[in-house]
Amino acid sequence: MRASPCEYNLVSPGNLHDVAALLAAEPGRWTPIAGGTDLMVLYASGKLAARNLISIWNLPELRGVEITANEVRIGAACTYSDLQKQEIVRSEFAMLARAASWTGGVANQNRGTLGGNIANASPAADSLPALLAYDATLELYSARGVRQVPYSEFHRGYKKHALAPDELIRTICLPKNTKGMISYCRKVGARNAQAISKVCIAGLARVTNGMIEEVRIGVGSVAPIPMRLRKTEQALLGRQVSLELIEKARRTVAEQIQPIDDIRSTAEYRGAVAANLVAEFVRTLCSEAGQR
Ligand SMILES: Cc1cc2nc3c(=O)[nH]c(=O)nc-3n(C[C@H](O)[C@H](O)[C@H](O)COP(=O)(O)OP(=O)(O)OC[C@H]3O[C@@H](n4cnc5c(N)ncnc54)[C@H](O)[C@@H]3O)c2cc1C
């Protein structure tokens with residue numbers, strides 16, 4: 001049943017400092033709302049337990065993309081449309097731009113934010129495997145100051161994460177070290193648009209003279225949290241790309257993931273697809289390395 005607006009407070013301080021001050025004064029009382037594309041679904045179905053919302057939509061401090069010598073710093077309230085318009089994201093972090101393009105429809109991309117996708121912490125969220133593969137770091141902001149958390153350590157369990165009640169995700173930092181790396185990403189869903197992933201993957205590798213020198217693989221929808229396939233990475237690291245390696249990598253997948261049956265898919269299907277996607281990633285490395 002639809003909720004009544006009378007049951008909710010919404011405040012909009014308009015700058016990051018004042019938002020942080022209110023979160024610090026009454027920790028746990030206020031829930032940040034950015035684009036609202038996750039929270040408003042809960043609201044519309046009468047399931048939004050948080051009654052006091054503090055808007056961080058359009059805060060200038062959270063909306064920009066800054067390029068430094070070593071990293072690209074994305075404001076947490078950048079929308080999927082913002083990300084797709086950024087040349088640096090399209091060229092150097094193409095898997096993030098792709099994930100942005102297949103998140104919901106255009107209306108959702110104009111409103112949904114990268115920070116919201118991270119904090120909402122769905123294991124099926126589309127941008128998160130790319131952030132794992134790009135080895136992102138998050139800057140968390142509160143009135144107490146700023147702290148950095150490697151994104152791979154942010155999720156602590158299903159819908160649990162490292163944010164304290166008075167903290168916001170301020171910036172997503174992507175190291176600029178992807179030049180020359182081969183990337184591969186796929187979303188497998190019921191259809192191309194407006195579908196939550198059954199499995200999604202983002203893989204990144206540096207291959208020199210046929211040898212895999214560096215590799216990171218992020219996957220979603222196969223465990224309670226988006227995860228790195230570390231055992232697969234270990235099996236690939238330092239090895240020559242080959243057809244045998246494809247099968248070896250495929251076999252490592254089942255022992256790391258914990259897929260479930262739900263309304264969108266089955267554990268069996270998700271396990272088979274995840275293994276196939278890893279195999280396709282390594283096949284891509286074989287073919288691209290052969291052309292270099
Ligand atoms: C029709 C539709 C289709 C969708 N399709 C997809 C899809 O294909 N793939 C996909 O991954 N997702 C999809 N989503 C989910 C949603 O759009 C994304 O998760 C989006 O990125 C959420 O961002 P938001 O700004 O709207 O978050 P909000 O709804 O504003 O917030 C979500 C959560 O994050 C918290 N939060 C937001 N920003 C911050 C911050 N900076 N710091 C700390 N906490 C914060 C909020 O308190 C809240 O708990 C879809 C949603 C809809 C309605």
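Atoms within a ligand are numbered from 1 in the order they appear, just like the ligands themselves. Everything numeric here is computed off the predicted structure, so don't read it as measured data. Start at 1 with the first residue, then count along the sequence.
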Novice: A side-chain contact here means heavy atoms from C-beta on lying under 4.5 Å apart; do R239 and K248 qualify?
Specialist: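 Sidechains of K248 and R239: in contact.
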Novice: Taking a 3.5 Å cut-off between nitrogen or oxygen atoms, can you list every pair linking ligand 1 to the protein, with distances?
Specialist:
{"residue": "ligand 1", "atom": "5 (N)", "partner": "G104", "partner atom": "N", "Å": "3.3"}
{"residue": "ligand 1", "atom": "8 (O)", "partner": "G104", "partner atom": "N", "Å": "2.9"}
{"residue": "ligand 1", "atom": "8 (O)", "partner": "D126", "partner atom": "OD2", "Å": "3.2"}
{"residue": "ligand 1", "atom": "8 (O)", "partner": "K187", "partner atom": "NZ", "Å": "3.2"}
{"residue": "ligand 1", "atom": "9 (N)", "partner": "D126", "partner atom": "OD2", "Å": "2.7"}
{"residue": "ligand 1", "atom": "11 (O)", "partner": "N117", "partner atom": "ND2", "Å": "3.2"}
{"residue": "ligand 1", "atom": "11 (O)", "partner": "D126", "partner atom": "N", "Å": "2.8"}
{"residue": "ligand 1", "atom": "17 (O)", "partner": "T37", "partner atom": "OG1", "Å": "2.7"}
{"residue": "ligand 1", "atom": "17 (O)", "partner": "N108", "partner atom": "OD1", "Å": "3.3"}
{"residue": "ligand 1", "atom": "17 (O)", "partner": "N108", "partner atom": "ND2", "Å": "3.1"}
{"residue": "ligand 1", "atom": "19 (O)", "partner": "D38", "partner atom": "OD2", "Å": "2.6"}
{"residue": "ligand 1", "atom": "19 (O)", "partner": "N117", "partner atom": "ND2", "Å": "2.9"}
{"residue": "ligand 1", "atom": "21 (O)", "partner": "Y80", "partner atom": "OH", "Å": "2.5"}
{"residue": "ligand 1", "atom": "21 (O)", "partner": "T113", "partner atom": "O", "Å": "2.7"}
{"residue": "ligand 1", "atom": "21 (O)", "partner": "N117", "partner atom": "N", "Å": "3.3"}
{"residue": "ligand 1", "atom": "23 (O)", "partner": "T113", "partner atom": "N", "Å": "3.2"}
{"residue": "ligand 1", "atom": "23 (O)", "partner": "T113", "partner atom": "O", "Å": "3.4"}
{"residue": "ligand 1", "atom": "25 (O)", "partner": "G35", "partner atom": "N", "Å": "2.8"}
{"residue": "ligand 1", "atom": "25 (O)", "partner": "T113", "partner atom": "N", "Å": "3.2"}
{"residue": "ligand 1", "atom": "25 (O)", "partner": "T113", "partner atom": "OG1", "Å": "2.6"}
{"residue": "ligand 1", "atom": "26 (O)", "partner": "G36", "partner atom": "N", "Å": "3.1"}
{"residue": "ligand 1", "atom": "26 (O)", "partner": "T37", "partner atom": "N", "Å": "2.7"}
{"residue": "ligand 1", "atom": "26 (O)", "partner": "T37", "partner atom": "OG1", "Å": "2.6"}
{"residue": "ligand 1", "atom": "29 (O)", "partner": "T37", "partner atom": "N", "Å": "3.3"}
{"residue": "ligand 1", "atom": "29 (O)", "partner": "D38", "partner atom": "N", "Å": "2.9"}
{"residue": "ligand 1", "atom": "29 (O)", "partner": "L39", "partner atom": "N", "Å": "2.9"}
{"residue": "ligand 1", "atom": "30 (O)", "partner": "A34", "partner atom": "N", "Å": "2.8"}
{"residue": "ligand 1", "atom": "30 (O)", "partner": "G35", "partner atom": "N", "Å": "3.4"}
{"residue": "ligand 1", "atom": "30 (O)", "partner": "G36", "partner atom": "N", "Å": "2.8"}
{"residue": "ligand 1", "atom": "41 (N)", "partner": "I169", "partner atom": "O", "Å": "3.0"}
{"residue": "ligand 1", "atom": "42 (N)", "partner": "I169", "partner atom": "N", "Å": "2.8"}
{"residue": "ligand 1", "atom": "47 (O)", "partner": "P32", "partner atom": "O", "Å": "2.5"}

Novice: Apply the test salt bridge (charged side-chain N to carboxylate O under 4.0 Å, His left out) to residues R186 and E280: give CA-CA distance (whole Å), side-chain angles for both, the deciding distance (0.1 Å), then the verdict.
Specialist: CA-CA 10 Å; R186 280 283 301 270; E280 196 170 73; 3.0 Å; yes
Novice: Between R206 (side chain only) and M211 (backbone N and O only), is there a donor and an acceptor less than 3.5 Å apart?
Specialist: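 No; judged by distance alone, with no hydrogens or angles, the pair does not exist.
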Novice: With sequence neighbours left out, write down each residue that passes side-chain contact (heavy atoms from CB on, under 4.5 Å) with R250, or none if nothing qualifies.
Specialist: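 Only E247, A275, N276, A279, R283 meet the side-chain contact (heavy atoms from CB on, under 4.5 Å) criterion with R250.
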Novice: Report all side-chain donor-acceptor pairs from residues 41-49 shorter than 3.5 Å, counting only partners two or more places apart or in another chain.
Specialist:
{"residue": "S45", "atom": "OG", "partner": "V41", "partner atom": "O", "Å": "3.1"}
{"residue": "S45", "atom": "OG", "partner": "L42", "partner atom": "O", "Å": "3.0"}

Novice: Quick one: name the residues clustered hydrophobically with V19, using the 4.5 Å side-chain heavy-atom rule over I, L, V, M, F, W, Y, and just say none if it's on its own.
Specialist: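 Noted: V19 shares its cluster with V11, L16, L22, L23, W30, I54, I56, L59, L62, Y141, V146, L168.
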